Amino acid sequence: MADDSKLWNVIYDRPFVPTNNLGDPVVAIPKMKKEFNDIDRKAIEQNFYAKKILMCSIGPDEYNKISACQSVKDIWEALQTTHEGTTQVKQSKIDMLTTEYELLKIKDDESIQDMHTRFTSIINELHSLGEIIPRNNLVRKILSVLPSSWESKVNVIIEAKDL
């Protein structure tokens, strides 16, 4: 678990670069490789290990998008933009999915299982974008879209909840 945290820090904060602090005021100057100590080498290994994990976790299409990236942070940001989009794109996706959630209705030729699968897909996409809908709202939404043939069952569920 501690290794995972260290790797995430490399991805999130930028890779470790060993430096010497020189002068007054103090200026950090990158060390030459021959000046590295064991702690420096171990930290640099984390950089390479994090990069290796990301590189081995993607397909050829994504590799082409990140092959020119120098640091693991740059790779992560490129993948994040590719999959989530920019902040504006992400918000647009959230808005679109929220509208789809709010307008959800069971289709005439759709089974309840198919509607639930569609519903779950919308909820999972919203969740992956950081938009969490409380469980009680999800239950209410499902109950509200059930066909009229389910009305007596829905009423029993609502009454049981009120008890």
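Sequential numbering from 1 along the given sequence is applied to the chain's residues. Everything numeric in this text was worked out from a predicted model, so none of it was measured.
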Under the side chain to side chain contact (heavy atoms under 4.5 Å, CB included) criterion, do Ile58 and Leu79 qualify, and how do the steps go? CA-CA 9 Å; Ile58 58 173; Leu79 290 172; 4.1 Å; yes
Taking all non-hydrogen atoms of both residues, which atom of Pro30 and which atom of Val17 are closest, and how far apart? CB-CG1, 4.3 Å
Mind checking the CD1-CD1 spacing from Ile133 to Ile122? Nearest 0.5 Å is all I need. 9.0 Å
What pairs with Lys31 under salt bridge (Lys or Arg N to Asp or Glu O under 4.0 Å), at least two apart in sequence or on another chain? Asp40
A quick test of your reading: do over 12 heavy atoms of other residues, nucleotides or ligands sit less than 6.0 Å from OH of Tyr49? no
Counterpart residues, salt bridge (Lys or Arg N to Asp or Glu O under 4.0 Å), relative to Glu35 (two or more places apart): none
If the threshold is 4.0 Å, N to carboxylate O, is there a salt bridge linking Glu100 and Arg118? no
Leu129 vs Gln91 side-chain heavy atoms within contact, under 4.5 Å: no
To the closest 0.5 Å, what do you measure between CD1 (Ile123) and CG (Leu104)? 8.5 Å
Not counting sequence neighbours, list each pair that qualifies as a side-chain hydrogen bond (donor to acceptor under 3.5 Å, both in side chains) and has a residue in residues 55-70. Glu62-His83
Do Lys141 side-chain atoms and Glu102 backbone N/O form a donor-acceptor pair below 3.5 Å? yes
Heavy-atom count check: over 12 atoms from other residues, nucleotides or ligands less than 6.0 Å from Leu22 CG? yes
Could you tell me whether Glu45 and Arg41 make a salt bridge, using a distance below 4.0 angstrom between a side-chain N and a carboxylate O? no
Out of curiosity, Ile106 CD1 to Ile142 CD1, how far, rounded to the nearest 0.5 Å? 9.0 Å
Going through the distances and angles, do Asp114 and Thr117 end up as a side chain to side chain donor-acceptor pair (under 3.5 Å)? CA-CA 5 Å; Asp114 290 341; Thr117 300; 5.1 Å; no
Quick one: does any side-chain atom of Ser128 pair with a main-chain N or O of Glu125 as donor and acceptor, under 3.5 Å? yes
Take Asp74 and Glu77 through the test side chain to side chain contact (heavy atoms under 4.5 Å, CB included) and record every step on the way to the result. CA-CA 5 Å; Asp74 296 337; Glu77 289 172 351; 4.2 Å; yes
Going by distance alone, is a donor N or O of one side chain under 3.5 Å from an acceptor N or O of the other, for Asp95 and Ser92? no
May I have the step-by-step check of side chain to side chain contact (heavy atoms under 4.5 Å, CB included) for Val145 and Phe119, ending in yes or no? CA-CA 10 Å; Val145 299; Phe119 176 78; over 6 Å; no
Before giving the answer on side chain to side chain contact (heavy atoms under 4.5 Å, CB included), spell out for Lys33 and Phe36 the whole-Å C-alpha distance, their side-chain angles and the decisive distance to 0.1 Å. CA-CA 5 Å; Lys33 283 187 181 183; Phe36 291 175; 3.9 Å; yes
